[in-house]
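In this text, all values refer to a predicted model and were calculated from it rather than measured experimentally. In what follows, chains are A, B, ... by sequence order, proteins preceding strands, each numbered from 1.
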There are 2 protein chains.
Amino acid sequence: MKDASKFKWPKGLKRTKTRESVLSVLEVSKSPLSAREIYSEIERMGESIWLSTVYRALDAFVEAGLVTKTSVLDNEITLYDLKQSGHKHYAVCVGCHKIIPMLNCPMDDFKPKLLKEEFQITGHKVEVYGYCTECKEL
Amino acid sequence: MKDASKFKWPKGLKRTKTRESVLSVLEVSKSPLSAREIYSEIERMGESIWLSTVYRALDAFVEAGLVTKTSVLDNEITLYDLKQSGHKHYAVCVGCHKIIPMLNCPMDDFKPKLLKEEFQITGHKVEVYGYCTECKEL
DNA sequence: AGTGTAGTTGCGAATCAATTGCATTTAACA
DNA sequence: TGTTAAATGCAATTGATTCGCAACTACACT
């Protein structure tokens, strides 16, 4: 009884064993994972997969809107996370790289609250994505 | 009359020609640059430098607190910027990768304003850095 | 000014995440 | 069940960043 996936499978994507493995690892994880972590976890489960396949699966999920790709700590780590996890922002410990979901979003009155955790803030970063005047008209 | 550098040279760092080149390129630029862009700019000025030297110079400046390293677009680009530039946050065009400094900061009432530029926001990212409970006590 | 030396650079090679090419396999649907 | 576009195994490549080491140089001290 493994397939407890509660996500509608994105149409256009074939439902394969490797993709289900990748998705299930993300589902079980409480925080975002790197491609390599996902790969290792799948291997540890006794299944065989290639790292390149993990990357391709993740790309497909990102494109399908099921997974979010984030980078953290200015390039040290690239992480993937299920979009449905609810939270979009994280507090990152510069000591141990632990990733703690924030309970609120800076878009609405910014006062970082953290999930049962004290956190000594030393810095923050905000990025806004979108289209500039020129690119908007293309 | 090239050395118009208005920055106090960080003590502990030798003042060399390559480092002055790197710093002057950053000074002239109105937006953050990648290591490769800095490298190309220096070559274009007719001076010879190695990319690895640019990286080392940037590392030294970052360590000295003179330069800021940021990543943008979820790891697609790593950029360097003079800390004194004043602004800390950017709007990044996902079309052309143009980087536009924001006039305000999300820490105080978040409503992104941009410098003479319309910008169609499609997403945003916030990261908070610091120490978690465990790391704080070390 | 001359010199010792720790810090820097030139240069190439190495590393490491991520991507790609291609032949083979497989899920999905007529 | 057969066809086929999509996905995977696997190897090789790319591209950014780092590293090793010998040669060089800024700068502190006579």
Side-chain angles (χ1 to χ4, degrees), chain A residues 2-3 5 7-25 32-43 45-64 66-81 97, chain B residues 3 5 8-25 32-43 45-64 66-81 97:
Chain A
K2 311 294 291 304
D3 184 41
S5 182
F7 299 96
K8 65 282 161 229
W9 197 267
K11 56 167 160 265
L13 293 193
K14 280 192 188 173
R15 185 165 201 136
T16 65
K17 172 147 51 166
T18 63
R19 285 180 174 170
E20 287 190 330
S21 301
V22 169
L23 198 58
S24 75
V25 169
L33 299 172
S34 69
R36 183 156 240 110
E37 286 169 329
I38 295 168
Y39 163 78
S40 303
E41 181 58 28
I42 294 175
E43 292 267 299
M45 302 189 319
E47 295 173 43
S48 148
I49 195 171
W50 280 75
L51 191 49
S52 54
T53 303
V54 172
Y55 278 111
R56 285 193 270 224
L58 288 170
D59 284 349
F61 287 142
V62 168
E63 174 127 13
L66 200 56
V67 164
T68 297
K69 181 182 183 182
T70 355
S71 83
V72 132
L73 285 180
D74 284 321
N75 254 4
E76 275 177 47
I77 318 173
T78 300
L79 301 172
Y80 299 85
D81 191 20
H97 291 185
Chain B
D3 185 40
S5 184
K8 65 281 160 228
W9 196 266
K11 55 167 161 266
L13 291 194
K14 281 191 187 172
R15 186 166 201 134
T16 64
K17 173 145 52 166
T18 61
R19 284 180 174 169
E20 290 191 329
S21 301
V22 169
L23 197 58
S24 76
V25 168
L33 299 173
S34 69
R36 184 157 238 110
E37 286 170 329
I38 295 168
Y39 163 78
S40 303
E41 182 57 28
I42 294 175
E43 292 266 300
M45 302 189 320
E47 295 172 41
S48 148
I49 196 171
W50 279 75
L51 190 47
S52 52
T53 302
V54 172
Y55 277 110
R56 284 194 271 224
L58 288 170
D59 284 349
F61 287 142
V62 167
E63 175 128 11
L66 200 56
V67 163
T68 297
K69 181 182 183 182
T70 354
S71 84
V72 133
L73 286 179
D74 285 319
N75 262 3
E76 273 179 50
I77 316 175
T78 300
L79 300 172
Y80 299 85
D81 192 20
H97 291 185

Using the rule given for side-chain contact (heavy atoms from CB on, under 4.5 Å), can you reason through A/Val67 versus A/Val22, listing the C-alpha separation, both sets of side-chain angles and the distance that settles it, and then say yes or no? CA-CA 11 Å; A/Val67 164; A/Val22 169; over 6 Å; no
Rounded to the nearest 0.5 Å, the CZ atom of A/Phe61 sits from the NZ atom of A/Lys69 at a distance of 15.0 Å
Pair up each side-chain donor or acceptor in residues 50-57 of chain B with any protein partner under 3.5 Å, not counting sequence neighbours, and list the distances.
none

Value for CD (B/Glu47) from OG1 (B/Thr18), rounded to nearest 0.5 Å, stands at 9.5 Å
Rounded to 10°, the helix from C/dA1-D/dT30 to C/dA30-D/dT1 deviates from straight, judged by its five-pair end axes, by 40°
Judged by nearest nucleotide, the residue sitting upstream toward the 5' end of DNA chain D, A/Ile49 or B/Tyr55, is A/Ile49
Rounded to the nearest 0.5 angstrom, the OG-NZ distance for A/Ser24 and A/Lys17 is 12.0 Å
Taken to the nearest whole Å, CG/B/Asp59 to P/C/dG7 is 16 Å
Nearest heavy-atom approach of B/Arg19 to B/Lys14 is NH1-O, 3.2 Å
Would you say B/Trp50 places a side-chain N or O within less than 4.0 Å of OP1 or OP2 belonging to C/dC11? yes
So CG of A/Leu23 and CG of A/Leu58: to nearest 0.5 Å the spacing works out to 9.5 Å
In whole angstroms, the gap separating P of C/dA18 from CD of A/Glu37 amounts to 11 Å
Whole-Å distance, B/Ile77 CD1 to D/dT17 P, equals 11 Å
Among C/dG10, D/dT17, D/dG9, the one nearest any side-chain atom of B/Leu51 is D/dT17
- In terms of heavy-atom contacts, does CD of B/Glu43 have more than 12 from other residues, nucleotides or ligands at under 6.0 Å? yes
Whether each nucleotide of nucleotides 23-30 of chain D has a protein heavy atom under 4.0 Å at its base (B), only at its sugar-phosphate (S) or at neither (-) is summarised, 5' to 3', as --BBS---
Between CG of B/Leu58 and P of D/dT17 the distance, given in whole Å, is 10 Å
From CD1 of B/Ile38 across to C1' of D/dA16 the rounded distance in Å is 14 Å
Contacts of B/Tyr80 meeting ring-ring contact (aromatic ring centres under 6.0 Å, His included) (sequence neighbours excluded), chain-then-number -> none
Rounded to whole Å, CD of A/Glu20 lies from P of C/dA27 at a distance of 10 Å
Separation of C/dT9 atom C1' from B/Glu47 atom CD, nearest Å, is 14 Å
Of D/dT18, C/dG10, D/dG9, the nucleotide closest to the side chain of B/Thr18 is C/dG10
Extract from the structure each pairing of a protein N or O with an N or O of nucleotides 19-22 of chain D at less than 3.5 Å, listing the distance.
unit_1: D/dG20; atom_1: O6; unit_2: B/Arg56; atom_2: NH1; d: 3.2
unit_1: D/dG20; atom_1: O6; unit_2: B/Arg56; atom_2: NH2; d: 3.3

When rounded to the nearest 0.5 Å, the distance separating OG1 of B/Thr68 from CG of B/Leu79 is 11.5 Å
- Indicate yes or no: at least one non-hydrogen side-chain atom of A/Leu13 is less than 4.5 angstrom from one of A/Leu66. no
Whole-Å distance, B/Arg36 CZ to D/dT14 P, equals 14 Å
Which side-chain N or O atoms in residues 33-40 of chain A pair as donor and acceptor under 3.5 Å with protein atoms at least two apart or in another chain?
unit_1: A/Ser34; atom_1: OG; unit_2: A/Glu37; atom_2: N; d: 3.1
unit_1: A/Ser34; atom_1: OG; unit_2: A/Glu37; atom_2: OE1; d: 3.3
unit_1: A/Glu37; atom_1: OE1; unit_2: A/Ser34; atom_2: N; d: 2.7
unit_1: A/Ser40; atom_1: OG; unit_2: A/Arg36; atom_2: O; d: 2.9

